[in-house]
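Remarks on the structure that follows.
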Amino acid sequence: MVKRNQDMAKLQAGYLFPEINRRKKEFLEKNPDAKIISLGIGNTTKPVTPHIDKALSNAAAGLGTKKGYSGYGNEQGLTELREKIAFKIYNGTVSRDEIFVSDGAKPDIGRLQLLFGNDAVIAVQDPAYPVYIDSSVMYGKTENYNEKTNTFGSIVYLPCTPENNFFPDLSKIRKVDVIFFCSPNNPTGAVATREQLQQLVDYARKNKSIIIFDAAYSEYIQDSNIPKSIYEIDGAKEVAIEVNSFSKSVGFAGVRLGWTVVPNELKFDNGIQVRQDWDRVLTTLFNGASNISQKGALAALDNRGLKEMEETVSYYMENAKIIKATLQELGYEAYGGDNAPYIWARMKTTKSWEAFDQLLQEANIITTPGIGFGQSGEYFLRFSAFGHSEDIKEAIQRLKVHLK
Ligand code: MLT
């Protein structure tokens, strides 16, 4: 028999969301009539708007014609789309050639790991989107949690809690090579201020680190003082890669489309452009994003599409507002939800999985246990605002009864 990849064996447990689904399935087997409401995975529910839908349908129909058919496209994405992202999202501060269209932020996060040597030390916020850690472990980062240094072999955890305003004290961390940073944050819903992001960029410049800035929720930022992109920060182009996605802003979670920005200025220690290697990774492992999805994204970035994007975001943000207000009324500490579609609530003295199970059993509501995002997530639950508004209203009534 073939030996198992030992890095796979190092993974702590199954991926978080399948475990939640397993518990849900088990519950439904015993309670087949229960009407479950999901405030769990950040999965969009609002239909794609008619304008974007039309662009997707036209692209699909076109494939059935000689004129509209296209086979492989550029691995980096449609030139027109790269240009549109550069101008509509980045106001031209990033050039078309620095943008690489993909099948989503999550697969890009996985592939990005190929750029760094096996000995690279990775830092992640704690709590964090599990993909940063799990993909790091799959690529050979080591385990063995060390309580004294709060390190996990070559993974360094940066606790981000209400006590530090969800931003790590960068003056206290050792030199790391790659820092995953997500703002608006999944799972806490916290957003980093301009000053905080400047500290992050300054740290990376001083330590010659690379930031992987996950901006998948940037369209949810309502406060105009909060940067939507790391490239709004001085010096960021020398030290940061940014990943983003159409999943949460226009509901392409299932359509699949995202992009990664790798600036020309970003170099490895030997002077080679990171962009050059990223291009090599994509041309080898990826055949370009779906041509249908890309046509949909072009529509999403025209004036009508952008307006509809705002409406989609407002719809979910209204949900976020009422979830947060309800939790606070019920006497819970609740964070996020103002510039992000996630609310992060402390369950007082109840541990995350216990609180998750209680809400599932009693209120038939699915949430996400904070511990699934890291040690600092213990005692927290994450509530997602991506449901239908009528379901959210019903969920709130149930919370008022069952969450005391
Ligand atoms: C989440 O719930 O954390 C996200 O939906 C997962 C994802 O975007 O992959």
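When a ligand or atom number is given, it counts from 1 through the structure's own listing order.
By the salt bridge (charged side-chain N to carboxylate O under 4.0 Å, His left out) test, D279 is found to be paired with no residue, residues two or more places apart in sequence or in another chain being considered. With sequence neighbours left out, the salt bridge (charged side-chain N to carboxylate O under 4.0 Å, His left out) criterion links K172 to D169.
Residues Y342 and P187 are not in side-chain contact: their nearest non-hydrogen atoms beyond the backbone lie 4.5 Å or more apart.
More than 12 heavy atoms of other residues, nucleotides or ligands lie within 6.0 Å of NZ in K324, so this atom counts as buried by the packing criterion.
Annotation: ligand 1 has protein neighbours F17, I41, G42, K106, Y129, N186, Y217, K248, Y342, R382, each with a heavy atom less than 4.0 angstrom from the ligand.
Relative ring orientation between F181 and F213 is described as parallel, the plane-to-plane angle staying below 30° on a 0-90° scale split at 30° and 60°.
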Give every donor-acceptor pair under 3.5 Å between a side-chain atom in residues 85-100 and any protein atom, sequence neighbours left out.
unit_1: K88; atom_1: NZ; unit_2: N303; atom_2: OD1; d: 3.4
unit_1: Y90; atom_1: OH; unit_2: E242; atom_2: OE2; d: 2.8
unit_1: Y90; atom_1: OH; unit_2: W259; atom_2: NE1; d: 3.0
unit_1: T93; atom_1: OG1; unit_2: Y90; atom_2: O; d: 2.6
unit_1: S95; atom_1: OG; unit_2: E98; atom_2: OE1; d: 3.2
unit_1: R96; atom_1: NH1; unit_2: E83; atom_2: OE1; d: 2.8
unit_1: E98; atom_1: OE1; unit_2: S95; atom_2: N; d: 2.7
unit_1: E98; atom_1: OE1; unit_2: K237; atom_2: NZ; d: 3.3
unit_1: E98; atom_1: OE2; unit_2: N264; atom_2: N; d: 2.8

